[in-house]
Peer 1: 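Sending over a structure as structure tokens; questions will come in a sec.
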Amino acid sequence: MLRILVIGTGYVGLVSGACFAEIGHHVTCIDRDNAKIDGLISGSKIPIYEKGLNDLIEDNKKNGRLYFDIDMSKYINESDVVIIAVGTPLDEKGQTNFEYIDHCVSEIIKFAQKDLYVIIKSTVPVGTCDRIQMQFNIKSKFSLEVISNPEFLREGEAVNDFLFPDRVVIGINIQDKKIIRKLYTQLEQNGVEILYTNRVTAELIKYASNSFLAAKVAFINEMADLSEELGGDISSIAYGMGLDKRIGRAFLNAGPGFGGSCFPKDIKALINLSESKDLNLPLLKSIDLSNQNRYHKIVRKIERMLTGGSTIAVLGLTYKAGTDDTRCSPSIRIIQLLSEKGFKIKGHDPQGINKAKQELGNSIRFFDDLYDAAQDADLCLIMTEWNEYKNLDLVRLAGCMKNKKIYDLRQVINKDDFVKSGFKVTVVGYQGE
Ligand code: UGA
């Protein structure tokens, strides 16, 4: 059992903290947001929607392995390991904002009175861990050893991904791995591969993995465009490609483009990094460009389906199902473009309305009931693969829409059923009606 201090209770910090407690460690999670910590202590409110997380937090609070606080200074010297899991947003120029990381680093230097392992779980530009190590070496008289331990958690599957990962990557520049090995002993016993490498390599593995997955998504989306033109069946194309073990079926679901707080940001960070080294990496730039273009292509397609000023019911506002996160959501971007073109938008989402409101304000109307959103609409646009949209009540939907048109950007509907009910159906990756 290790005593772990986790700084930052966003997606990464909260999931990691709860999961480290679950695999037997004693964990304290810190956040300077008082209200957030109050909610976590009282159990009244967890700040994110993540399957299984609430129960995990409550169980581990009860069994005395998980604590929350706002003041890290009390815990630094009681811990074996400090994990930094604060946000690293990009600024307007696309550069990483280090404000939160730098604050943690200076607090650790200020309060540490013993040797410590400091793990960076936040996704940081390559070279950041080495830079922090230099700061520690210069400014602290203790041995503060920086370790890169990137996370590979998908929102909506984060708890599962933590407890049953494909691999754990640890970037460590010293030979003695005794303490760090203890962090993941339970997962190692379960057969998970723990890859030890140096810090820079670990940081690069994270960016390379996300960029490669994003490339798969962008690639299948371009194949979907071709398939739409040529009369192909995109799901069979993905299946047929995926049968080749060298390719694999995962991340070949055509859709509205990739979004979220990771893929778009991580690709840009790699592009920036390569440019700062005078390297031209055109493939990376193309992934980003292909995804940006996709939103415009979709909007042009919708313009061809409707007359100006029509009403569109947008089903799904988050960047994918299973999360309330709307950061870099294709749905939000496409809504903005459609609104600029004069379409009236009515939005629905099972979890994402509050966050979508923060991004869209009152430029669109929001509905808790999807059929209220569809009332009098000329088109239903399915943007995320929520279960609610897989089993739509066709009679009800047909009864409330002004024009029976549906555009499914996630391949969730049964096209034949809709056609039989008199809908004009367009599905991503298939020729339209
Ligand atoms: C991603 C990675 O999958 C995680 O391994 C990584 O830890 C995380 O980023 C991160 O860096 O923190 P996440 O952003 O939660 O996780 O979402 P994904 O499930 O990977 O989906 C990313 C985007 O690609 C979504 O917009 C999704 O709808 C889209 N996507 C994914 C597709 O359009 N098609 C697919 O087949 C798969």
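When a ligand or atom number is given, it counts from 1 through the structure's own listing order.
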Peer 1: Looking only at protein heavy atoms, which one is nearest to atom 10 (C) of ligand 1, and what is the separation?
Peer 2: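 Protein heavy atom with the smallest distance to atom 10 (C) of ligand 1: C262 SG, 2.9 Å.
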
Peer 1: For atom 22 (C) of ligand 1, what's the nearest protein heavy-atom neighbour? Residue, atom name and distance, please.
Peer 2: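 Going by distance alone, atom 22 (C) of ligand 1 is nearest to F263 CE2, 3.6 Å.
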
Peer 1: Nearest to atom 26 (O) of ligand 1, what protein heavy atom do you find, and at what distance?
Peer 2: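 Of the protein heavy atoms, G259 N, 2.9 Å lies nearest.
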
Peer 1: With no hydrogens and no angle check, is any side-chain donor or acceptor of S329 less than 3.5 Å from a backbone partner on L317?
Peer 2: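 Yes, S329 side chain to L317 backbone: donor-acceptor pair under 3.5 Å.
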
Peer 1: Which of the atoms of ligand 1 are close to E155, meaning less than 4.0 Å from one of its heavy atoms?
Peer 2: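 Result: 15 (O).
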
Peer 1: How close does the nearest protein non-hydrogen atom get to atom 37 (C) of ligand 1, and which residue and atom is it?
Peer 2: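 I find the closest protein heavy atom is F251 CD2, 3.3 Å.
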
Peer 1: Mind running salt bridge (charged side-chain N to carboxylate O under 4.0 Å, His left out) on K177 and E145 for me, showing each step along the way?
Peer 2: CA-CA 11 Å; K177 305 185 174 67; E145 191 59 37; over 6 Å; no

Peer 1: For atom 14 (O) of ligand 1, what is the closest protein heavy atom, and at what distance to 0.1 Å?
Peer 2: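 Among all protein heavy atoms, the one nearest atom 14 (O) of ligand 1 is Y319 OH, 3.3 Å.
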
Peer 1: Where is the nearest protein heavy atom to atom 33 (O) of ligand 1: which residue, which atom, and how far?
Peer 2: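 Looking at atom 33 (O) of ligand 1, the protein heavy atom closest to it is V217 CG1, 3.4 Å.
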
Peer 1: Answer yes if the ring centres of F20 and Y184 are under 6.0 angstrom apart, and no otherwise.
Peer 2: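 Judged by ring-centre distance (under 6.0 Å), F20 and Y184 do meet the cut-off.
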
Peer 1: Atoms of ligand 1 less than 4.0 Å from R410 heavy atoms?
Peer 2: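 Close to R410: 28 (O), 33 (O).
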
Peer 1: Just to confirm my output: which protein heavy-atom neighbour is closest to atom 7 (O) of ligand 1, and how far is it?
Peer 2: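 Answer, as residue, atom name and distance: L153 N, 2.8 Å.
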
Peer 1: If the plane angle is over 60° it's perpendicular, under 30° parallel, otherwise tilted; pick one for F258 and F263.
Peer 2: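 Aromatic pair F258/F263 classed perpendicular.
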
Peer 1: Would you say N210 touches ligand 1, if touching means a heavy atom closer than 4.0 Å?
Peer 2: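 In this structure, N210 qualifies as a contact of ligand 1 - some heavy atom is under 4.0 Å.
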
Peer 1: Will you find, in the side chains of T318 and K355, an N or O donor that is under 3.5 Å from an N or O acceptor?
Peer 2: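 Short answer, no.
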
Peer 1: Does any N or O atom in R154 lie less than 3.5 angstrom from one in ligand 1, N or O only?
Peer 2: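 No; every N/O pair is 3.5 Å or more apart.
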
Peer 1: How far is atom 34 (N) of ligand 1 from its nearest protein heavy atom, and which residue and atom is that?
Peer 2: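 Here the nearest protein heavy atom works out to N253 O, 2.9 Å.
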
Peer 1: Salt bridge (charged side-chain N to carboxylate O under 4.0 Å, His left out) for E222 and R294? Distances and angles first, verdict last.
Peer 2: CA-CA 9 Å; E222 291 194 1; R294 183 143 192 84; over 6 Å; no

Peer 1: Need the ligand 1 atom indices (1-based, order shown) with element for anything under 4.0 Å from a heavy-atom of K320.
Peer 2: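 Within the 4.0 Å cut-off of K320, ligand 1 contributes 13 (P), 15 (O), 17 (O), 18 (P), 19 (O), 28 (O).
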
Peer 1: Between Y75 and D71, do the side chains contain an N or O donor and an N or O acceptor separated by less than 3.5 Å?
Peer 2: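 No, no side-chain donor-acceptor contact under 3.5 Å.
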
Peer 1: Which bit of L252 gets closer than 4.0 Å to ligand 1, counting heavy atoms only: side chain, backbone, both or neither?
Peer 2: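 Backbone only; the side chain of L252 stays clear of ligand 1.
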
Peer 1: Between R294 and ligand 1, which part of the residue brings a heavy atom under 4.0 Å of the ligand: side chain, backbone, both or neither?
Peer 2: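 For R294, no heavy atom sits under 4.0 Å from ligand 1.
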
Peer 1: Is it the side chain (CB and beyond), the backbone, both or neither of K206 that lies under 4.0 Å from ligand 1, heavy atoms counted?
Peer 2: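 Looking at K206 and ligand 1, just side chain atoms fall under 4.0 Å.
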
Peer 1: Do other residues, nucleotides or ligands put more than 12 heavy atoms under 6.0 Å from the CD atom of E193?
Peer 2: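 Not buried by this count: 12 neighbours or fewer within 6.0 Å.
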
Peer 1: For T323 and Y11, does a side-chain donor sit closer than 3.5 Å to a side-chain acceptor?
Peer 2: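 The answer is yes; a qualifying pair exists.
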
Peer 1: For R396 and Y371, indicate whether the former's side chain and the latter's backbone hold a donor-acceptor pair under 3.5 Å.
Peer 2: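 Checking the backbone N and O of Y371 against the side chain of R396, no donor-acceptor pair under 3.5 Å is found.
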
